[in-house]
Structures are given as C-alpha cells and as structure tokens.
Protein chains: 2
Amino acid sequence: MTKRGKTAGAASTSPRPALSLKQNTRVRPRRVTIREVAKHAGVSLTTVSRVINMTDAVRPQVRERVRAAMADLGYVPDVIAQSLRKQVTKTVGCIVPDIGFPAFSSTIGAIEEQLRGAGYTMQVMATQESHEREMEILSLCRGRRFAGLITSIGRDNDDAIIKMLRQLPFPAILLDRKIPAPIDSVCTDHFSGALQATEYLLQLGHRRIGLITLSVHALPGRERRRAFSQAHAARGIAFNPEWITGPGFENDHAYRIAYELLSHEPRPTAIMAGGFPTIGVMRAARSLGISIPHDLSLISFGDTDFADLLSPPLTVVRWNNGEVGRIAADILLSRIEERARDEPIQVVLPSELVIRGSCAPWRQT
Amino acid sequence: MTKRGKTAGAASTSPRPALSLKQNTRVRPRRVTIREVAKHAGVSLTTVSRVINMTDAVRPQVRERVRAAMADLGYVPDVIAQSLRKQVTKTVGCIVPDIGFPAFSSTIGAIEEQLRGAGYTMQVMATQESHEREMEILSLCRGRRFAGLITSIGRDNDDAIIKMLRQLPFPAILLDRKIPAPIDSVCTDHFSGALQATEYLLQLGHRRIGLITLSVHALPGRERRRAFSQAHAARGIAFNPEWITGPGFENDHAYRIAYELLSHEPRPTAIMAGGFPTIGVMRAARSLGISIPHDLSLISFGDTDFADLLSPPLTVVRWNNGEVGRIAADILLSRIEERARDEPIQVVLPSELVIRGSCAPWRQT
DNA sequence: ATGAAAGCGCTAACAG
DNA sequence: CTGTTAGCGCTTTCAT
C-alpha cells in the first residue's frame, strides 16, 4: 500500500504551526431546512412544502419567491425526513452474490438505469455466497424501508431465506431463481440453451461430456443438469455423473476442477462450463497440453465481448443479462406502484447456442 | 420481451370469481414499531431504545424481556427514523460513469465489501458519462444525508462539478481523478505504467505509435498522454498527435477509431489502448487483415482474466482496481469517523507493464 | 435503572 | 390560496 501524504501547503509559510491545527479543515456547509427557506421567503413551512411537492396550487408570485429562497440558500429537501413522514422511500435494494462478477454487474447496471429513470435509487449488497451474510442482509433490508428488492439469492431451496423473503414488508423479485412462494421472477431459459448445447455436442459424436455449472441449489444449475440428462436420455446415451460439478464463483476453483476432470483417463472429450469457469478450463487444458478444439471441445454458458477473439473463438450459449435487469426493474416498479395484477409475474427470457470455433467432431474411440 | 404469466391457481376451483379480486394479494406484514415492543414487554419506549442501542445500562432481566418481545414481534428498528433522529446515516454514495464496466464493477465490489464490514451500506449511481446526469446525481446526493461519497466523476476540470463537490455536507473521495480542491483521492499511477509501455515499444523499434485512452478531462487520460510525450521526447522521437485519441466507454466506438487509425497509410505500427478499446482494436485489426503482433503491436491498459488466453496473449499495463476501492473506502471511513488528519490524503497505487505476446520488434521501414 | 417529553425535517389534514 | 397543528419512529436530555 503506497500512501503518499501531501501537505496542503497553503499555510506552510507561517513560521510556527499556529494553535489551531484545524485550520485546514474543510468547513462542511450546514444543512438548510425548510424552516429557513420559509422565513427567507416570508411564508409558512406548508407553502414551501407545497412548492417542493407541487401538491397544491400556490400563487405563482409566491412560488417564485420560494424558489428563489431555495436557490439562495442552496436548499435541498431532506430525503430522510420526507421518507419518514411519507412512510415510503424511493430506494430499491439489490442483493447479488458478487458485484464484480460480470454477469451480475451488467444486470445491476441495467437495473440502476431503469430505476433511476423512474426516480428511484439503488442500494447494492453482496452476499459473497455466504448463507449467514444473506440472512444478515435480508434482515437489514427489512429495517431500511426499501420500496422493493431485486435479488439473486444464493440458493433457492433454503427455508430460512424463503421465509424472510415472504415476510418482507415490500415486494421482491427474483433473478434466475425460483422459490415455492408467490413471488415475481425473471429468469433466463437456461434449459433450452443447455439442451441445444448438449445436443450439438452429441451430434458431433461426443460421448464423454463434462458439465461445470452452478449447484443444484440455484435454478440455472438445475436447469442445465436437467437439459444435460434429457439430451442424453433422448438418444439413449449414458453419462458419467462424476463429470457434472458445480464450482463457486471464485476464479481458480474452476481451474482445479477442470484440471482434475482432464487429468484422469478416460477424460471428457467435451466440456460445457459457466462463463467464468470456462477460463479455468482453457487454462487447465493448456497446462495439460490438451488442444481445443482438437482434443477437447468447449462450450461456455454466457457470451462475452472477447469470446470471439479467443483462440479458438468460443462457442457459447448466449442470453442477455442487461435485459434480465431491465425487465426485473420494470416489473418491480409496477408492483411498487401497484400497477401489476395480483398474480405473480414470471418472465422467461430466451437463450441460444452461438456456434463459433471451440467445438470439433469427435472421432469415435 | 417474452412474458409468460402464470395464474396462482389456488382459488381456481371456485365457480365464480368472488367479489374480492384481491384474494391472491400477498398481505405484506405491517411494520412493528418500538412502541408495540414496549407495550409487549411492559416497559417504556426509552428502555427499548436503550436495549437496541446499548447506550445505557438496563437490568439484565428487563433486557431479556425486551429482546424476547422484539423477537416475538419480528421487530426491526426503522433505519429511516433512526437516521432522522440521529442526523446521520450509515450509507455511502458511489458515483461512477458505468456500473457494468468491468474496471468500475470490480472497484465497486471491493468498496461494498469494505463498507459493509464497517456497518455501512452503499448506494450506487451511474452518470452514463453525461454531465447533466452528473449534476443531477450530485444534487440528489446532497439531499440523501450520505455519510460520504466515493466517486469517479467524468471529468475533473469541470467547475460546476467541483463546486458541487466542495459544497457537499459530507466528505468525498475521488477515484482516479484530481481536482483543485482539498479533497481525498486514490489514484493509480497511470503515468508510470504508460511510460514503461511507451518505452518498451520504442525500444522494440516502433516509431509510429497510436494511443487510445480517456480524454484529457480525466486524470488517467492526462497521465498517459504525458507519459507518451515524455518517453518520445526523451529519445528525441516525434509522434503524430492525430494518433492520440480518446473514446467513450461504449464498445464499438473504439472499433471505429481503431479502424480509422489503421486504414490510412502510414499507419501506426503499435497501439496502446484502454482495456475495453483494446477489444475494438483487435477486431479492427482482424477486419483489415492486420496480424498482431507481426503487423501491429498492441498493449492494453488494464489486465483481465482472459488476457493471457487471447491470441496472441495480451501485453498489458496492470494495476489493481479492487485495491483502489478498498483503500478509498478505508480513507472515507476514517474521514467520516473523524479519525483522519485534516490534510487531504492522496494515495497513489502502482501500475506495471506485464509483457506477454502481443508486441514484436518493428523492422525499420 | 427507568420513564416522560421534546423534537429530528418534513407532509397532510384541517381550518381559515 | 395560505397557515396552524399533529405526528412519522426514533433517540436523548432531564427528571425521578
């Protein structure tokens, strides 16, 4: 940690440090209240409140006087006080496992944009995939009077979490998760994408396919496994359950899993892996001298900007994370503003296989 | 937008839709107040408040009674009311140009983690690089009673922004920006990284180098330009100012710039580009049949997980965005809790050249 | 060790 | 159209 302090230098010419060591302290402007604005404009609080909220007619002349007073004094209404009084906030909570993780950050970005457009702000919290943190955060949310909550909780079959979610005093919407409760959700159709991918590999002649994806505790993990099984079953092909595995979000975990998977014979001739894990697989393959796609075919769940610049260009299952966020925000907003019908809204967005260069036909062995 | 509604089904057996269309409405639990807890425990509000805040001694027996009442009723203190009363919030604002942008999201992730550890939450806002939005957001922040603000404002030489920043009623810290005001900041030493990169290229014999980076309105852009010039000057080599250009954060903008740069003779024999723009350059080079590193050397500002998996593996200037966020959060926290000395704290973190395979010696032409 | 009362800054009846 | 008044849920003197 390279810290280089830097003295302000302004008063550095004075011979001795004066008594007040605080002379450099930036004096923070005190907050101006509605009361002072009222006095300055020669009206009552109510009138000021009215011009702020445009809730009632105010004589134009007076309104301008108040506006001027607000500008003069640099008045900005205290959102905290407003929220307390109105008993509502314009803040939405957003809980994800990891903010820095690209899939989440692009979703979060879209959510923020959508919320902001509707006059809401967003508070983001990361669970770091810890159940404990998740509970902590959820209970914290209860106290925050959020207008709503958008979340991709870690596992969707956790009773304690589900209970907390149901008890929230505001609407919530799930991202890529499904729980046994009447709650809105926006999911990607990971089943269909994984099905296409598996079938493609099977068609190419692969008979030993590995699957690295989320655990069964999250919808995408379950759906991909289901698609994987179904595609195999449809052709009467058996698969090795040991080749199905679910890593966390950490980077090198996938590397180790892939290394393990690829270093025992017989090894998979093809692997399908989550976006991040794919990088681990590529690295493991390189370490082991396994060439893609000749010795190993690879499909990534999730497209990226650079996927076509890798060598070979990555074949992927593609969907739109931004769209997931945007739609989730829209639905939540409609729920908050009670524009939505009572039934839970469940949206499923498509995913598709994008064939590039990381898969090759498998010579029968 | 594929919306598939789904009826709740529970009451679907009833012959006629009953009068209450709202029967499926999830009844949101009403908020429990401190008053009810007090009544339930047979004590006064004050006592309950005391056990919440552990601010005064309460007889253990009574304390347990209150605790039980809180648990029974599912009481969670109203943070809004607490904030209003205490005149402080435990929320920090965070403003960046784009949340989905990897460099920012990893910083944001680290900030959130650090803040959460100290009991703070974070509100993120994106400016989308719009000056107007920036002003809007900044003024919104004033009203939010944030405990502090962490921001990477769009341009650091904008008087209106600087003025707003100074007038904030809470401490702020800048990320990779420097403004003429006594304000804390955490920056990466982009100068040194860019200097190493330029010198490396020059050493390899390149005499026509292009630079694609942020505008001069942001510190990194200025520092990289300065390093670029200095390295050239030190060797008495001239450079073409038209080959220095600053794109926005959008993806294909860089592609167009690079395409332009590379399609006129004489064209650069080497390009240094920001992280995202690098992808655009690679794509442009591919479109034009220019091979890297043989026909064009390439250095990226900013490392990524996949940089070594590209072909060729990307030579980059590397620094640590997470560290920037963590340190910024720490400093802000120390400022908020008034543990910091009065002088502005300016931290500069190192950057370094990581040589991989995307640069080659240039045959003299 | 506990309680009563006075607000934090603002909005929403309710009168004029 | 404008002002007076009563809180929102909580913390904090100040008494007891």
Side-chain angles (χ1 to χ4, degrees), chain A residues 29-67 69-70 73-91 140-147 169-170, chain B residues 29-67 69-70 73-91 140-147 169-170:
Chain A
R30 215 182 42 73
R31 298 194 59 85
V32 179
T33 72
I34 199 174
R35 189 162 255 110
E36 301 168 55
V37 176
K39 193 174 297 174
H40 196 87
V43 295
S44 75
L45 312 188
T46 318
T47 304
V48 179
S49 173
R50 281 201 261 262
V51 347
I52 293 169
N53 298 283
M54 296 183 297
T55 179
D56 254 315
V58 173
R59 198 144 40 94
Q61 187 194 348
V62 176
R63 189 176 55 222
E64 283 322 307
R65 199 139 43 85
V66 173
R67 287 250 168 81
M70 299 200 299
L73 271 39
Y75 171 76
V76 179
D78 184 330
V79 178
I80 301 288
Q82 288 181 318
S83 299
L84 178 61
R85 179 59 237 238
K86 294 195 187 158
Q87 298 284 24
V88 283
T89 67
K90 287 266 213 174
T91 301
L140 184 145
C141 285
R142 299 205 52 194
R144 294 259 157 187
R145 270 192 192 289
F146 284 148
F170 42 76
Chain B
R30 216 183 39 75
R31 298 195 58 87
V32 180
T33 72
I34 200 175
R35 190 162 254 112
E36 300 169 55
V37 176
K39 193 174 298 173
H40 196 87
V43 294
S44 75
L45 315 189
T46 318
T47 303
V48 179
S49 173
R50 282 201 260 263
V51 347
I52 293 170
N53 298 284
M54 299 184 297
T55 179
D56 255 314
V58 174
R59 198 144 40 92
Q61 187 194 347
V62 176
R63 189 176 54 222
E64 282 323 305
R65 200 140 41 87
V66 172
R67 288 252 167 79
M70 298 201 298
L73 271 39
Y75 171 75
V76 179
D78 185 329
V79 178
I80 300 289
Q82 289 181 317
S83 299
L84 178 59
R85 181 56 237 242
K86 295 194 184 156
Q87 298 286 6
V88 282
T89 67
K90 288 264 209 172
T91 301
L140 185 145
C141 285
R142 299 205 51 194
R144 295 258 157 187
R145 271 192 189 287
F146 284 147
F170 43 76

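A note on names: the letters A, B, ... follow the listed sequences, proteins ahead of strands, and every chain is numbered from 1.
Per the geometry, CE belonging to Met70(B) stands 17 Å off P belonging to dG9(D), to the nearest Å. Rounded to whole Å, atom C1' of dA4(C) lies 9 Å from atom CG of Leu45(B). In this structure, Leu73(A) places its CG atom 14 Å from P of dG9(C), rounding to the nearest Å. Across the protein-nucleic acid pair, Met54(A) atom CE and dC1(D) atom C1' stand 17 Å apart, rounded to whole Å. Rounded to whole Å, the distance from CD1 on Ile80(A) to P on dG7(C) is 21 Å. We find that CZ of Arg35(B) is positioned 10 Å from C1' of dG7(D), with the value rounded to whole Å. Note: CZ (Arg59(A)) to P (dG3(D)) measures 9 Å, nearest angstrom. When the P atom of dC8(D) is taken as reference, atom CD of Gln82(B) falls 17 Å away, rounded to whole Å.
For Lys86(A), counting side-chain heavy atoms from C-beta on, the closest listed nucleotide (dT2(C), dA12(C), dC10(D)) is dA12(C). Checking dC10(C), dA1(C), dT11(C) against every side-chain atom of Asn53(A), the shortest atom distance belongs to dT11(C). Comparing dG9(C), dT11(C), dT2(D) by their nearest atom to the side chain of Asp78(A) picks out dG9(C). Looking at the side chain of Ala81(B), the nearest of the listed nucleotides dG3(C), dC10(D), dT2(D) is dC10(D). The side chain of Arg85(B) lies closest to dC10(D) when the candidates are dA1(C), dG3(C), dC10(D).
Taking only distance into account, the side chain of Thr46(A) meets the base of dT4(D) through a donor-acceptor pair shorter than 3.5 Å.
Within the nucleic acid shown, Arg50(B) comes within 4.0 Å of at least one base atom, counting heavy atoms only. Backbone-only engagement by Arg145(A) is indicated by non-hydrogen atom pairs under 4.0 Å involving sugar-phosphate atoms exclusively. Contact annotation for Ser49(B): base contact, defined as any heavy-atom pair under 4.0 Å involving a base atom.
Proximity of a side-chain donor or acceptor of Thr89(B) to a complementary backbone N or O of Arg145(B) within less than 3.5 Å is detected.
Within the structure, every side-chain polar atom (N or O) of Gln87(B) is placed at least 4.0 Å from both OP1 and OP2 of dC8(C). Within the 4.0 Å cut-off from OP1 or OP2 of dT2(C), not a single side-chain nitrogen or oxygen of Ser44(B) is found.
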Where do Ile52(B) and Ile34(B) land on the side-chain contact (heavy atoms from CB on, under 4.5 Å) test, with the steps shown first? CA-CA 10 Å; Ile52(B) 293 170; Ile34(B) 200 175; 4.0 Å; yes
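At a threshold of 4.5 Å between non-hydrogen side-chain atoms, the residues Arg65(A) and Val43(A) count as touching. The side-chain heavy atoms of Val66(A) and Val58(A), taken from C-beta on, include no pair separated by under 4.5 Å.
Where Tyr75(A) and Asp56(A) meet DNA chain C, the nucleotide closest to each residue was compared, and Tyr75(A) sits on the side nearer the 5' end.
With respect to the salt-bridge test (charged N to carboxylate O, under 4.0 angstrom), the residues Glu64(A) and Arg67(A) qualify.
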